[in-house]
K.L.:
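This is the structure I have questions about; it appears just below.
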Amino acid sequence: MRETKAIYPGSFDPITNGHLDLINRSLEIFKKLTIAIVVNPHKKPLFSVEERMDMIKRAVRSDKRIVIKSFDGLLVDFAKREKGTTIVRGLRAISDFEYEFQMALMNRKLYKDLHFVYMMPSEKYTYLSSSMTKEIGLLGGDIRQFAPSLVVKKLAEKARELGRQKRK
Ligand code: ADP
């Protein structure tokens, strides 16, 4: 079966220029893309699902080809609900490979029709991650080259908020 739609799952805490690079690459292959924010009870995100969704929405400028959703539970169950069989993920370095390899094969055990498509970002984003962006942003560093401007703003607000909480 030929797929016209792909699902791009991730934490997106927050969205970075690396994610945007992958989103644009995906849309060169697939007509539609569902960006799926994973709600993982074991991870403590900096931004709420609503905040993450809002930042993605604004960063992709309400592109009609993109739908943004969130899910908890298994990716395979979400994919089945969405009637999607193609998952897009990014590979930045060898370090991503082992985890992604395991995840793809485990998921295939759970749902044999699920396919994973891996894409490499532009080399200028291969070192970029949400966690480094957060760390630098919260410490007051300049993250304008790493994330869309609204994320830069939101991180500065978070830094102030956390600073206020600390002082209390
Ligand atoms: P997760 O917690 O699922 O890894 P992330 O939001 O960190 O969620 O990443 C989602 C996906 O986007 C992953 O496949 C990750 O490899 C990819 N990704 C994140 N940052 C980049 C980047 N700079 N370039 C390419 N892919 C990236």
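The analysis underlying the following values was restricted to heavy atoms, covering all of them including side chains, and did not include hydrogens, waters or symmetry mates. Counting convention: from 1, in listed order, for ligands and their atoms alike.
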K.L.:
Between Ser11 and Asn40, is there a side-chain heavy-atom distance shorter than 4.5 Å?
P.N.:
no
K.L.:
Please name all residues satisfying side-chain contact (heavy atoms from CB on, under 4.5 Å) with Ser70, sequence neighbours left out, ordered by chain then number.
P.N.:
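Partners of Ser70 by the side-chain contact (heavy atoms from CB on, under 4.5 Å) criterion, ordered by chain and then number, come out as Ile37, Val39, Val49, Met53.
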K.L.:
Give, for atom CG of Leu110 and atom CG of Leu105, the distance between the pair rounded to the nearest 0.5 Å.
P.N.:
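Interatomic distance, Leu110 CG to Leu105 CG, rounded to 0.5 Å: 11.5 Å.
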K.L.:
When you compare the side chain of Leu138 with that of Leu162, does any pair of heavy atoms fall below 4.5 Å?
P.N.:
yes
K.L.:
Taking only heavy atoms of the protein into account, state which residues are under 4.0 angstrom from an atom of ligand 1, in chain and number order.
P.N.:
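Lining ligand 1: Tyr8, Pro9, Gly10, Ser11, Phe12, Gly18, His19, Leu22, Lys43, Arg89, Gly90, Arg92, Asp96, Glu100, Pro121, Tyr125, Leu128.
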K.L.:
Can you list every ring-ring contact (aromatic ring centres under 6.0 Å, His included) pair that touches residues 74-111, not counting sequence neighbours?
P.N.:
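Sorted result for residues 74-111: Phe71-Phe78, Phe97-Phe101.
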K.L.:
Could you give all pairs that pass the salt bridge (charged side-chain N to carboxylate O under 4.0 Å, His left out) test and reach residues 107-127, with sequence neighbours left out?
P.N.:
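Qualifying pairs: none.
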